[in-house]
Amino acid sequence: MQARLILNPAFALASVDPRLYGGFAEHLGRCIYGGLYEPGHPAADDMGFRTDVLALLRELQMPTIRYPGGNFVSGYRWEDGIGPQAARPRRLETAWKSTESNHFGTDEFCEWCRRLGTEPMLAVNLGTRGPEDAANLVEYCNHPGGTAWSDRRRANGWERPHGVKLWCLGNEMDGPWQIGHKTADEYGRIACEAAKLMKWVDPSIQLVACGSSGRGMSTFGAWEATILDHTFDHVEYVSIHTYFGNQDGDTANFLAKPDLMSAFIEEVVACCDYVSAKRRSPKRIMLSFDEWNVWYHSHGDRERRHIKDWDVAPPILEDVYTMEDALVAGGMLISLINHADRVRIACLAQIVNVIAAVMTEDRGPSWRQTIYWPLLHASTCGRGTVLRSLVESSTYSCREVRQAPHLSAATVLDPQTGTLTVFAVNRHLTEACDLTAELQGLGRFQAVDWTVLRDDDLKAANSAAHPDRVVPRPEAGATLAAGRLTAALPPASWNVLRLTP
Ligand code: AHR
């Protein structure tokens, strides 16, 4: 199979916002407790943060991490998670039917972010609570001092404000499963009032309104238009969430699903621009793709593994990711990069144990899942200017996508170093893809570095016993000649081709 890629700096799409490579940590299962926080673990630091987990996440260079939910936030009283740990209440956590100790809260998370080298992105509860509690949390986090909430933070040991710049106005409020689910008008009103109050407390913050929780929601489209009618003047972003799975074992169809993510993005952009158009406004609402991933392996685990309601940190949503999942995660990253003009923030959901890039055992080791690798490559090599990738490739038809190109690709030019990076997934399951990339107006490149993630077994996965079963490897055989890059991308592979001047 052959494919052609035409690359020209005149076709620049946008500069990548580094926050495209963010993550998400929720009070859910073992993400916090036993994941990023485990006092008594041999690798725990003075605050109980697992330094082995910090080290693995640090490599990903995630610029922002969303917290504390997710569905969890819609029943959360943030005040439960501050102050002396022994005095914090244990609560029934109804989103995931667990018991929440509240030993980890906002201060611990902001400190954990500092130690990781990332920025917190906090969500407020608009399920059971409202504008006042949301504004109080902004005051607690961001006000320097001399007021009740800011002085509570200082008394709790954080003299300097946490300086949280990015805030989500609730989570998936369109979903009937959400605590405090609302109609679009109900949500639009409360989000607008919360936004006003939060920005009056700290005008420097940026806000994300809840978009649809999935493209399949019956309210999708109308939801975005209605909630933005209410919140347009007060928010910068609308959220968008997508999870894919291979429940029916149709791998060709599964690999094509990132194309549905692209369609979803373009539809949400259309909804946002419809609201701008109605107002004759030059303002453009940007997208925060603050939950994306593969999620299906753990469906039904609660019953299968006899996990009881109200357990503390139960092992739920612990998907073990395979080689083919990494190809889909890579495809989703390609879709995000190719929409970098409107998607400014994205968060892999999630980072530790719960549908996560990193896994841990309680009191034991931590390791990288297969999906870790494409995110690492995109985050470390995918910063700069996105070039629209003109792809000529054979296509295939599958159940959910009519004409899926076998080659999916995105290209980023680093203006500082002149390095050009091509990310490519060969979605053909049996044939190599003979790729020719025509490098127009890009000057001369001296060298090409090629990294491939592939495995003969598409169901291969990493584990505590075999943490390096699926890892990327350098590949030889990519050539540069007469302004052309050529390489034979193996079947079912994730590829990173780096051209240096
Ligand atoms: O990431 C897991 C869950 O998926 C989140 O809590 C929720 O927002 C979404 O439905």
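Counting starts at 1 for both ligands and their atoms, in listed order. The structure displayed is predicted, hence computed values, not measured ones.
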Task: Proximity flag Asn293 to ligand 1, non-hydrogen atoms under 4.0 Å - done: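 Checking ligand 1 against Asn293, which is what was asked, there is no heavy-atom contact under 4.0 Å.
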Judging by distance only, is a nitrogen or oxygen of [X] under 3.5 angstrom from one on ligand 1?
{"X": "Tyr243", "result": "yes"}
{"X": "Trp295", "result": "no"}
{"X": "Trp177", "result": "no"}
{"X": "His241", "result": "no"}

- [ ] Do me a favour and list the nearest non-hydrogen protein atom to atom 9 (C) of ligand 1 with residue, atom name and distance?
- [x]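 Result: Glu291 OE1, 3.0 Å.
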Task: Heavy atom of the protein closest to atom 7 (C) of ligand 1 (residue, atom name, distance) - done: Asn71 OD1, 3.2 Å
Open item on the list: Distance to the ring centre below 6.0 angstrom and angle to the axis at most 45 degrees; does that hold for Arg215 and Phe220?
Closed with: no
Side-chain H-bond candidate by donor/acceptor type, [X] with [Y], under 3.5 Å:
{"X": "Gln178", "Y": "Ser74", "answer": "yes"}
{"X": "Ser298", "Y": "Arg302", "answer": "no"}
{"X": "Thr380", "Y": "Gln61", "answer": "no"}

- [ ] Might you work through the side-chain hydrogen bond (donor to acceptor under 3.5 Å, both in side chains) test for Thr226 and Asp185, ending with a clear yes or no?
- [x] CA-CA 7 Å; Thr226 305; Asp185 277 311; 5.4 Å; no
